[in-house]
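Here's the structure, in structure tokens; my notes come after.
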Amino acid sequence: MHSPPSPSTPPVPSHAGNAAGASWLLRAENIAKSFGPTIALARADFAVAPGESVAIMGPSGSGKSTLLLVLSGILTADTGTVILRRPDADGFDDLAGLGDTQRSAFRLHRFGFVFQQGMLIPELTATENVMLPLLLAGIPRRIAEPRADLELQQLGLDELGGRRIGQLSGGQAQRVAVARALVTRPSIVFADEPTGALDSHTAAEVLDTLLRAGKGSQRAVVLVTHSEEIAARCDRIVRVRDGRIEDAA
Ligand code: ADP
Ligand code: MG
């Protein structure tokens, strides 16, 4: 059995939290990941506090997506630890120490994801797409459906519920993807270039939807973006180069 790290170890990395005293929600230390001869991540440290939004920036191929995949437990790092505080703030889980099934459960219950292309199912309605993570979590349809509609409503998207994804604009579809990421009330939303395919006005709307959802809750948002404009609206910017996180300027 893997034993979780005790609260006294390890020390807080230099990239932790924005606000003084803000305690972290997810913390990665010394994570490295190679694909054959390619070093995608080399000894990166990262932390995000509850309610904090962090933009990850860097040149193409610098390791941003790999960082996101390792932080969210989709990929396992070759070395290092990724630890997530439990919702009751009492204890930790080390993602690398979990088996595949447990990591899947983590992703389903504690994380939300938004990708550049929303990865929605075009033949299904917005409501049906937003319901999917709940159905996967074993929640019956009669409960999942009103919750999906409520989520859409809270994001100002009520009128889209009955529309098929294929009938929505790119920006509308991406906001539905945000609703789907939030419907399980995750601790952290990970977004990989969620606005990359949108014009800047629409991108700002999608970002608003994403960030607004974090405010007032303790939900953290970690997003990869190429847009300085988008990044500037986040609480903090982390820059990645050659698989390393550059020190804050
Ligand atoms: P970014 O998101 O910053 O563009 P990535 O994290 O996708 O960068 O990739 C970092 C490096 O790792 C790149 O050189 C990329 O080609 C390589 N890489 C990423 N994923 C894989 C993979 N599944 N197999 C092989 N190489 C990969
Ligand atoms: Mg990428």
Side-chain angles (χ1 to χ4, degrees), residues 13-15 26-48 52-84 95-96 98-100 103-104 106-107 111-120 170-171 173-175 177-178 180-181 186 188-200 202-204 206-207 209-211 214 220-249:
S14 56
H15 303 288
L26 176 125
R27 190 158 106 193
E29 294 209 314
N30 251 321
I31 47 174
K33 179 76 183 174
S34 293
F35 298 101
T38 306
I39 300 171
L41 273 183
R43 295 175 48 82
D45 292 337
F46 180 91
V48 62
E52 187 183 31
S53 56
V54 181
I56 298 172
M57 302 195 78
S60 185
S62 58
K64 305 180 298 297
S65 292
T66 305
L67 176 62
L68 219 60
L69 292 171
V70 167
L71 292 177
S72 58
I74 293 175
L75 282 181
T76 313
D78 300 333
T79 66
T81 55
V82 178
I83 55 180
L84 180 67
L95 292 189
L98 301 174
D100 283 347
R103 270 192 296 134
S104 299
F106 253 78
R107 288 200 295 276
F111 300 149
F113 295 91
V114 185
F115 300 96
Q116 178 169 358
Q117 309 295 341
M119 304 242 204
L120 299 164
Q174 212 44 341
R175 291 169 76 195
V178 170
R180 188 185 54 181
I188 306 184
V189 177
F190 294 99
D192 197 347
E193 303 191 39
T195 63
L198 306 174
D199 66 76
S200 63
T202 311
V206 172
L207 183 77
T209 306
L210 191 56
L211 294 184
V221 175
V222 180
L223 84 139
V224 171
T225 182
H226 283 292
S227 160
E228 290 286 349
E229 217 173 311
I230 295 281
R233 310 249 317 269
C234 295
D235 295 325
R236 188 158 54 95
I237 300 177
V238 162
R239 293 184 195 272
V240 181
R241 181 175 290 277
D242 297 332
R244 291 174 188 277
I245 292 177
E246 299 188 326
D247 284 328

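Read the numbers this way: they start at 1 and go in the same order the structure lists the ligands and their atoms.
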Next on the checklist: Keeping S104 on the side-chain end and D100 on the backbone end, is there a donor-acceptor pair under 3.5 Å?
Outcome noted: yes
Checklist entry - Are there protein heavy-atom neighbours of atom 15 (C) of ligand 1 below 4.0 Å? => result no
Please table the atom pairs, donor to acceptor, closer than 3.5 Å between any side-chain atom in residues 222-231 and protein atoms at least two apart or in another chain.
from: T225; atom 1: OG1; to: S227; atom 2: N; distance (Å): 3.0
from: H226; atom 1: NE2; to: E193; atom 2: OE2; distance (Å): 3.4
from: S227; atom 1: OG; to: E229; atom 2: N; distance (Å): 3.3
from: S227; atom 1: OG; to: I230; atom 2: N; distance (Å): 3.0
from: E228; atom 1: OE2; to: R239; atom 2: NH1; distance (Å): 3.3

Item to check | Element-labelled atoms of ligand 1 that are located less than 4.0 Å from some non-hydrogen atom of S60 | outcome: 4 (O)
Checklist entry - Is a side-chain donor or acceptor of T38 paired with a backbone partner of S34 at a separation under 3.5 angstrom? => result no
Checklist outcome for this item: ligand 1 atoms nearer than 4.0 angstrom to some heavy atom of S65 are 1 (P), 2 (O), 6 (O), 7 (O)
Next on the checklist: Taking 4.0 Å as the limit for heavy-atom contacts, which would you say applies to T66 with ligand 1: side chain only, backbone only, both, or neither?
Outcome noted: both
Next on the checklist: Using a 4.0 Å cutoff against the non-hydrogen atoms of P59, which atoms of ligand 1 qualify?
Outcome noted: 3 (O)
Next on the checklist: Closer than 4.0 Å to some heavy atom of T38 - which atoms of ligand 1 meet that?
Outcome noted: 12 (O), 14 (O), 17 (C)
Checklist entry - Sub-3.5 Å donor-acceptor pair from the side chain of K33 to the main-chain atoms of T76, do we have one? => result yes
Next on the checklist: Can you tell me if G243 contacts ligand 1 (heavy atom of the residue under 4.0 Å from the ligand)?
Outcome noted: no
Next on the checklist: Assess, by modelled atom type and distance only, whether the side chains of R175 and T209 contain a donor and an acceptor separated by less than 3.5 Å.
Outcome noted: yes
Checklist entry - Looking at the Mg ion (ligand 2), is one of the N, O or S atoms of S65 less than 2.8 Å from it? => result yes
Next on the checklist: If the contact criterion is a heavy-atom separation under 4.0 Å, does G58 count as touching ligand 1?
Outcome noted: no
